[in-house]
Each structure stands twice: as structure tokens, then as C-alpha cells.
Participant: 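Have a look at this one.
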Amino acid sequence: MRVLAIDAFRGITILVMIFVNTLAGVSGMPPWMGHVAAGVDGMTFPDVVFPAFLFIVGMSIPLAMAQRQAAGDSGWKLWRHVLTRAAGMLVFGVFMVNAEAGYNEAAMGMTIHVWSLLFYACAIMVWAVYRFADKRLVLALRLAGVAGLVALALVFRGGPDGAERLAPQWWGILGLIGWAYLYAAIAWRLTGARPVAIALAILACVAWYCVFNTDAAQPSALWKLLGGQSGNAVHTAIALCGVLATTIFFNNGRPRAQPFARALLFAAVLAALAFALRPWFTISKIAATPSWGLYSAAICVLLFAAMYWLVDLKQQRRWVAFLRPAAANPLLTYILPFIIYALMATLNLSFPSMLGAGMPGLIWAMVYALIVMALVAGLNRLHLKLQL
């Protein structure tokens, strides 16, 4: 089952993501249009974009799993898909993070922009949706892409002396989504998709963060290891809020009657819990605190409820057509701005400096987001799609 409201929500989230990422390079913007700095108790609307992705990933899990089970997938075949999808996001995350900083171009023998373009080319070969009838050709292209990724991983050098290798400095946005997806899918399975059990899993994730972010007299290595997963626990809690939202609005893929009262109650409970935790764990996207995650999830519940009412119940769907190509191909949409940047840097091209400040920069950020969405629609028409 494909829910148009989820596509609309995903498409708007992607559009806003491109806008705020572009706006981050524009000077003279008010503080509420940028991410809140580390150590500051608060959040702005850009700080809700990443949680919205996590929430949508969670919403999609029950529907996607049900669809695969209906198609005959079960057992190892089902979980092979989950594991390979999570692994793909981790690979993307690690490669993209290493292209951000810490690289040594002299030791690599190429610029980081050329290395990035080669990475994206190989990744597209691996995860493209091919339309060839010859499966041997498809397999050959995927294997060539994998070989290219391995070669690029071996070529990469970092550090002042070029001695460092490709490594997860942090997992990157896609990698963090990959971990949350994997953990949420496992929790979905263990809970049997029962709403009460899912709610308890959300509380367990929040408790994980709270326990391992309290001062320990002499923290052991195990304590530090488990504490290092506390951010992933909050991200998983947001994804599980999406899973629970799906059970509120749908039952075995069929829409429930009048789900809005339950959705409003769910959002209120999340906000109340966030409010209760805030004195001990301030609102911080960078620290992935439970107060930030729960407030963000509450906002996402309300946003999806509004989207569902408008798109699926009131049938106001024409405007969604522009968003659907990106919503159906989120990975390509996410990496496309990075490909454009690397290509322009390789060709020594840049946007006019006037677009980097003030009102021209704000307008350009809006226009650029629309241009990327239109480019993805064009690439879809050329049958270029990526699927993990």
C-alpha cells in the first residue's frame, strides 16, 4: 500500500532539507533560520528536518514490510532486504562524511571533488534501478560499482601525513538513518506491531539515553560503549514514533476511521514527556537529546495528521504531483546537490557571490531547492532511479 500523504510529507521534507542546506551557506539570516549551535538549549525549524526523515522511515516500515510479506517475502529473505538496505545507507554515510573534512588530496593523487564524483558514479551503478532484461549485464554493472567503491576506499587518505584511511568519523545523516531504520525494524518485529509494545520500545530508547548520559563514578569500557549508542537510541525512538503513527492511522494497510483524536493524544503525550525531561536533558539536535527527539516527533505527528486530512481525506492532491518524483526517489534527491557541488568545484565553477548573503541568498535557496526537485523529476523520466 502506498499512502499519498506519506509521499507528500516525504517530498516536503526533502524540499525543506535542500532549502535549509543551501541557506546554511548564506550570511545575514536570522537565527531561527539556521540550526541551533551545540550547547544551546533550543531548536529551530531546520532542527526538525532530520527527525522528519526518521519519522517517515518509521512510518514506512509497517507498510513496506506488509507489502513484501504479501509478495511472498518472509524469514531470511525479508531480513536480508533490511540488512542490505541499512548497510547501503551506512556505506553512503561513511563515504560522504570522509569527503567533508580530514582528507589529504596530495596523498590521494586526486582532488576530493573528483573522488566524490567517482564515488557517486559507482554508487549509482550499484543501487540503480535497471530496466535491462539481461540480468547478467545488471550483475556486471553492480559488481563493477562495488569494485569501484572498494578501490576508492583504498585510495582515500586522510590526516596531515596521509596515513589515515577511510573510517566512520561519524556515520553521516544517511548512516544515522540507516542505524535507526535497522533498530526500528528489529523493534517492529519483536513487538509484533502491537501499539502498546511499540510505545514501550519508545520509552526504552528514551530510558537508554537517560541512563547512559548520567554521571558514573568510574565508567567502564562497556558503559562507554553503550553510552556511545545513546544518540542512536533517540533516533530510533523517533523512527518508532513513526511506526506507532502508522498503527494509529492504518490497520493492516487499511485506513482507520477517525484517527485524529488518537494522533492528537499521542502528540500531547510526546510533548509532555519532552517537557518533563527538559530540565535534565536540554533540547539539542547535536546532542540528540530525548527532549529534542520527542518534541520533534510530536511535531511530525501533527504535520502528518494535517497532511493526511488534506491529501487523503479532502482529496487535495494536484500539488503533490511536483513532489512525488523526489518522494519516490529520496536517495537520488539527497545526493544530487552534493553531486552538483562536486562537479562545479571540479570545473572551477561557482554561483555569483551576491547569492551568498541577504535577501538574494534567501531567494536563491528557495529557487535552488525547486530546481533540484525539477531535476529529479527529469532524471526519473530518463528512468534514473536509486533503490537501497
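The model shown is predicted, which means the values in this text are computed figures rather than measured ones.
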Participant: Do Tyr120 and Phe95 have their ring centres less than 6.0 Å from each other?
Facilitator: no
Participant: Verify ring-ring contact (aromatic ring centres under 6.0 Å, His included) between Phe304 and Phe249, making sure each step is shown before the conclusion.
Facilitator: CA-CA 10 Å; Phe304 177 76; Phe249 283 89; 5.0 Å; yes
Participant: Determine whether a donor-acceptor pair (N or O, by modelled atom type, separation under 3.5 Å) exists between the side chain of Asn104 and the backbone of Gly159.
Facilitator: yes
Participant: Is it the case that the side chain of Trp188 and the backbone of Gly58 share a donor-acceptor pair, with hydrogens and angles ignored and the cut-off at 3.5 Å?
Facilitator: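 No.
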Participant: Could you tell me which non-hydrogen atom of Leu176 sits nearest to which non-hydrogen atom of His235, and how far apart they are?
Facilitator: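 The answer is CD1-CE1, 3.8 Å.
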Participant: Does any N or O in the side chain of Thr13 come within less than 3.5 Å of the main-chain N or O of Ala52, such that one atom is a donor and the other an acceptor?
Facilitator: no
Participant: Please find the pair of heavy atoms, one from Ser291 and one from Arg278, that lie closest to each other, and give the distance.
Facilitator: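 Scanning both residues completely, I find the closest heavy atoms to be CB-CA, 4.2 Å.
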Participant: Hey, quick one: are Leu203 and Val234 part of the same hydrophobic cluster, counting side-chain heavy atoms closer than 4.5 Å, chains of contacts allowed?
Facilitator: yes
Participant: Verify, without hydrogens or angle tests, whether Tyr341 (side chain) and His113 (backbone) share a donor-acceptor contact under 3.5 angstrom.
Facilitator: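 No, because the side chain of Tyr341 does not come within donor-acceptor range (under 3.5 Å) of the backbone of His113.
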Participant: Tell me whether the guanidinium CZ or amine NZ of Arg157 lies under 6.0 angstrom from the six-membered ring centre of Tyr103 and within 45° of its axis.
Facilitator: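 Not flagged: Arg157 not positioned over aromatic ring of Tyr103.
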Participant: Tell me, yes or no, whether the heavy-atom count around Phe275 atom CZ, taken from other residues, nucleotides or ligands under 6.0 Å, exceeds 12.
Facilitator: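 At most 12 heavy atoms, drawn from other residues, nucleotides or ligands, come within 6.0 Å of this atom.
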Participant: Val243 versus Met59: any side-chain heavy-atom pair under 4.5 Å?
Facilitator: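 With C-beta onward as the side chain, the pair stays apart.
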Participant: Do Met307 and Ile6 come within less than 4.5 Å of each other through their side chains, counting heavy atoms only?
Facilitator: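 Met307 vs Ile6: side chains apart.
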Participant: Is there a donor-acceptor pair under 3.5 Å between the side chain of Asn21 and the backbone N or O of Ile18?
Facilitator: no
Participant: Side chain of Glu105, backbone of Ile112: donor and acceptor closer than 3.5 Å?
Facilitator: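 Checked: pair present.
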Participant: I need the Leu137 CG to Arg142 CZ distance, nearest 0.5 Å.
Facilitator: 10.5 Å
Participant: So, do Phe260 and Leu313 sit near enough that their side-chain heavy atoms are less than 4.5 Å apart?
Facilitator: yes
Participant: Which heavy atom in Met373 sits nearest to a heavy atom in Leu323, and how many Å separate them?
Facilitator: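 Result for this residue pair: CE-CD2, 3.6 Å.
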Participant: If you define the side chain from C-beta out and look only at heavy atoms, does anything of Trp171 sit under 4.5 Å from Val97?
Facilitator: no
Participant: Could you check whether any side-chain heavy atom of Arg85 comes within less than 4.5 Å of a side-chain heavy atom of Tyr181, counting everything from C-beta outward?
Facilitator: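 Sidechains of Tyr181 and Arg85: in contact.
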Participant: Atom CG in Leu240, atom SG in Cys205: separation rounded to 0.5 Å?
Facilitator: 5.5 Å
Participant: Look only at the side chain of Asp47 and the backbone of Val36, and say whether a donor-acceptor pair between them is shorter than 3.5 Å.
Facilitator: yes
Participant: Does the separation of the ring centres of Tyr130 and His383 fall below 6.0 angstrom?
Facilitator: no
Participant: Check whether any side-chain heavy atom of Val126 lies under 4.5 Å from a side-chain heavy atom of Val91, and answer yes or no.
Facilitator: no
Participant: Which heavy atom of Phe351 sits nearest to which heavy atom of Met344, and what is that distance?
Facilitator: CZ-SD, 3.5 Å
Participant: Can you spot which of Leu362, Ile14, Val367 makes a side-chain contact (heavy atoms from CB on, under 4.5 Å) with Phe19?
Facilitator: Leu362
Participant: How long is the straight-line distance from CG of Leu375 back to CG of Leu384, given to the nearest 0.5 Å?
Facilitator: 11.5 Å
Participant: Rounded to the nearest 0.5 Å, what separates atom CG in Asn329 from atom CG in Leu379?
Facilitator: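 Taking CG in Asn329 and CG in Leu379, the distance rounds to 8.5 Å.
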Participant: To the nearest 0.5 angstrom, please state how far the CZ atom of Arg68 sits from the CG atom of Leu63.
Facilitator: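 Reported to 0.5 Å precision, the distance equals 13.5 Å.
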Participant: Identify the heavy atoms of Ala5 and Asp312 that sit nearest to each other, and give their distance.
Facilitator: CB-OD2, 2.9 Å
Participant: Could you check whether atom CZ of Arg256 has more than 12 heavy atoms from other residues, nucleotides or ligands sitting under 6.0 Å from it?
Facilitator: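 Above 12, so yes.
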Participant: Please report whether the ring centroid of Phe92 lies less than 6.0 Å from that of Phe119.
Facilitator: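 Close enough - the centres of the two rings lie under 6.0 Å apart.
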Participant: Between the side chain of Thr289 and the main-chain N/O of Lys285, is any donor-acceptor distance below 3.5 Å?
Facilitator: no
Participant: Take atom CD in Gln315; do more than 12 heavy atoms of anything else shown fall under 6.0 Å from it?
Facilitator: yes
Participant: So do Leu310 and Trp319 actually touch side chain to side chain, heavy atoms under 4.5 Å?
Facilitator: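 In short, these two side chains touch, coming nearer than 4.5 Å.
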Participant: Is there a chain of hydrophobic side chains (I, L, V, M, F, W, Y, each step under 4.5 Å between heavy atoms) that links Met125 to Met96?
Facilitator: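 No, separate clusters.
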Participant: Looking only at side chains, do Ser60 and Arg10 share a donor and an acceptor under 3.5 Å apart?
Facilitator: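 Yes - a donor-acceptor pair under 3.5 Å links their side chains.
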Participant: Check the orientation of Trp208 and Phe212. Use parallel for under 30°, tilted for 30 to 60°, and perpendicular for over 60°.
Facilitator: tilted
Participant: Look only at the side chain of Thr282 and the backbone of Asp41, and say whether a donor-acceptor pair between them is shorter than 3.5 Å.
Facilitator: no
Participant: Restricting to non-hydrogen atoms, name the atom on Cys122 and the atom on Gly148 that form the minimum distance, rounded to 0.1 Å.
Facilitator: SG-CA, 3.6 Å
Participant: Taking atom CG of Leu277 and atom CH2 of Trp292, what is their separation to the nearest 0.5 Å?
Facilitator: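 Reported value, rounded in 0.5 Å steps: 14.5 Å.
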